[in-house]
Number of protein chains: 2
Amino acid sequence: MFYEGKAQRGLDMKDITNLAWFAHVVEHGSFSAAARTLRVPKSTLSRRIADLEEELGVRLLNRTTRKLYLTDVGREFLVHCQTVVAAAEAAEQVTHFVQEKPRGKVRISSPYAISQSLLVSIMPGFLKRYPDVQIDLVMTNKPVNLIEEQVDIALRVRPTIEDSSLIARDLVPSASALFTSPEFLQTHGVPEHPLDLSDWPSLSMHYSSGRYQWSFTAQHGESITMNYQPRLITDDLWVLREAAAEHQGVVSLPVYLCREYIDQGRLVRVLPSWRLPVGKLHMVYPYRRGLLPAVRVLIDYLVECMPSAAGVAGLATDSDA
Amino acid sequence: MFYEGKAQRGLDMKDITNLAWFAHVVEHGSFSAAARTLRVPKSTLSRRIADLEEELGVRLLNRTTRKLYLTDVGREFLVHCQTVVAAAEAAEQVTHFVQEKPRGKVRISSPYAISQSLLVSIMPGFLKRYPDVQIDLVMTNKPVNLIEEQVDIALRVRPTIEDSSLIARDLVPSASALFTSPEFLQTHGVPEHPLDLSDWPSLSMHYSSGRYQWSFTAQHGESITMNYQPRLITDDLWVLREAAAEHQGVVSLPVYLCREYIDQGRLVRVLPSWRLPVGKLHMVYPYRRGLLPAVRVLIDYLVECMPSAAGVAGLATDSDA
DNA sequence: AATTACTGTTCCATATTTGGAACAATATTG
DNA sequence: CAATATTGTTCCAAATATGGAACAGTAATT
């Protein structure tokens, strides 16, 4: 005879905790003693064990007012109850373990450029300070969904910090500017105004919106937004930089990435009196009361070290560009 | 740093069932699916898992409206939760096993004489009919405390069935009478009235009350109780019978035990017109809604077979004695 | 023998938990 | 692209479990 509803051997028991309590009662030799160590009223204990027996249809303990006697079934039953307790303790232990000190894996996502410039210089110090933490670095320029990608922390560069259900921590400003090669300027002339660039070949990162535009602001406050059609689109900023240096067109890049090329005379800044929006490098992570120590210390470490690391790299400064 | 109160690594968890429910949620891939198979509202499931996470201070699952993602901790945690479920199922299985059909051990206590005469003739048939049942036969003439002696069924012979918290099932009447040897009567004369026995040597079973008395009833209704001081006290009825046959005195014995000796002329009945109280052979067992099949079938078997077995042994008949 | 201390169970006003409906968010379908 | 279906979470009246006190029974002590 088959019962469809019971095919996957479901547990009839209403409350598995009763098994643990039963084991405690047996191990302490009495309801009262068990109740004291469990810090549960003995009336509750008595009722729950009685309920359990009724539920199972079997007597587990025979009781005198002074002594308990395990039935044969109770004795066999007990072994499995003790396994339940041990497994529950092991489960709890897992959670204690990762909360005791920073340990375990932290997944952090970051745009390519940030990863390759800032993070690589910061990470070694972190990994040395927290030897039990593993970092899983996901590099992508696409906006990541923290939950779906199972990412603990995401680094982002945006003109403004969007509010969402995530916690955002500001790190450092990240200035961008238009660059091209000196030779390119010799060919096309030096632009005085954004509109002078309207027909110039351009390069860009990929934007999934499909809208390619520069938003300029003059020092005296005037601002203008112009669309452009890039001839080369790639998320690899190193490629963009190289292409610009090889006279392929104008490109918007983080200032700090171009400092070396400028010193070498391979790139020059275009329209230096017009500013592009200064992006904010920040990180986001889901709010959780129980943020794991490993994640917490990485957050703290980034907040602590990012400004100086960015300073060394000249992230925010565009004074001499 | 030590916490006295936590020395015996108590479980912080309030409800172990949550571990099983967490495992179900993961295994079914969603709260809704798990709620359906567990037949629990999803609101309850959602709240309980959230409570569990709060209790542990750790995130186990990251949730989208459409998909669940185990955290690293959750993944390790899960293994132990599955162990909890398996152990709980095993525990439950133990109780199902003994309820499925008659199996396991049954402890029955019985007075020596009953054991040696009636039970030995009944047991083989029972053991054959129920091959998975083991019988643990405790022979004693002392009154047993069913719980302390861990006895499932006790056979007793008493003048009347005492009421107690136990269930009593009447089996057969068990008549006793006074016996002695023909030679003894020749020496002491044939008594006509109980008082004629006042100085006669007597034999008896042990009574822990210390009160040794015979209660006679005449056929016409007269009754008399007389005390006596036994010269031999033993619980071994075979010894008493032998002692009486060897002219040591008068003894009260179950009629059926003496039939053979009477036929052989080794014993005769004393005061045949006076009756001793007819004892009731009955059994007692604790009331339990969930009496195990093994115990139940032994009870039923005794009720079924005892009368005929007693008939063969002539337990109740004293017509020819 | 009487007293004391402790057992497991029962009782019932109180505190907690439950679960159906409403909700916000996301896939799937028409 | 709107409509539908299904997800996990929240809310709060209603159902349930709790736990201190009273109880009945037993062992040790006086």
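Reminder, nothing fancy here: chain letters follow the sequence lines and each chain counts from 1.
Remark: B/S43, B/S46 in residues 43-59 of chain B come within less than 4.0 Å of DNA chain D through at least one heavy atom.
Considering only side-chain N and O atoms, A/R63 lies nowhere under 4.0 angstrom from the phosphate OP1 or OP2 of D/dA24. In this model, the phosphate group of C/dT7 is approached by a side-chain N or O of A/S32 to a distance below 4.0 Å at OP1 or OP2.
Applying the ring-ring contact (aromatic ring centres under 6.0 Å, His included) test to every pair with at least one member in residues 46-77 of chain A, sequence neighbours left out, gives these pairs: A/F22-A/F77.
Using a 4.0 Å heavy-atom distance criterion, A/K42 is classed as a base contact.
Remark: side-chain polar atoms of A/Q134 are not paired, donor with acceptor, to backbone N or O of A/V106 under 3.5 angstrom. Side chain of A/D235 to main chain of A/N141: no donor-acceptor pair is present (N/O by atom type, distance under 3.5 Å, no hydrogens or angles).
At a threshold of 4.5 Å between non-hydrogen side-chain atoms, the residues B/H282 and B/R158 count as touching.
The aromatic rings of A/Y228 and A/Y212 sit perpendicular to each other, their planes meeting at more than 60°, with 30° as the lower class boundary.
The CG atom of B/N145 sits 13 Å away from the C1' atom of D/dG25 (whole-angstrom rounding). To the nearest angstrom, P of D/dG8 lies 13 Å from NE2 of B/H28. Atoms CH2 (A/W21) and C1' (D/dG19) sit 11 Å apart, rounded to a whole Å. D/dT16 atom C1' lies 13 Å from atom CG of A/D15, rounded to whole Å.
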Using a 3.5 Å cut-off and no angle test, enumerate the donor-acceptor pairs between side-chain atoms of residues 51-59 of chain A and protein atoms at least two apart in sequence or in another chain.
unit_1	atom_1	unit_2	atom_2	d
A/E53	OE1	A/R63	NH1	3.3
A/E53	OE1	A/R63	NH2	3.0
A/E53	OE2	A/L60	N	2.8
A/E53	OE2	A/L61	N	3.1
A/E53	OE2	A/R63	NH1	3.4
A/E54	OE2	B/R289	NH1	2.6
A/E55	OE2	A/K14	N	3.3
A/R59	NE	A/L61	O	3.2
A/R59	NE	A/N62	OD1	3.1

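Which of D/dG8, D/dG20, C/dT9 sits closest to the side chain of B/L68 comes down to D/dG8. The side chain of A/R66 sits closest to D/dA27 out of D/dA27, D/dG8, C/dA27.
DNA chain D is contacted by both B/E148 and B/F31; B/F31 maps to the nucleotide lying nearer its 5′ end (nearest heavy atom per residue).
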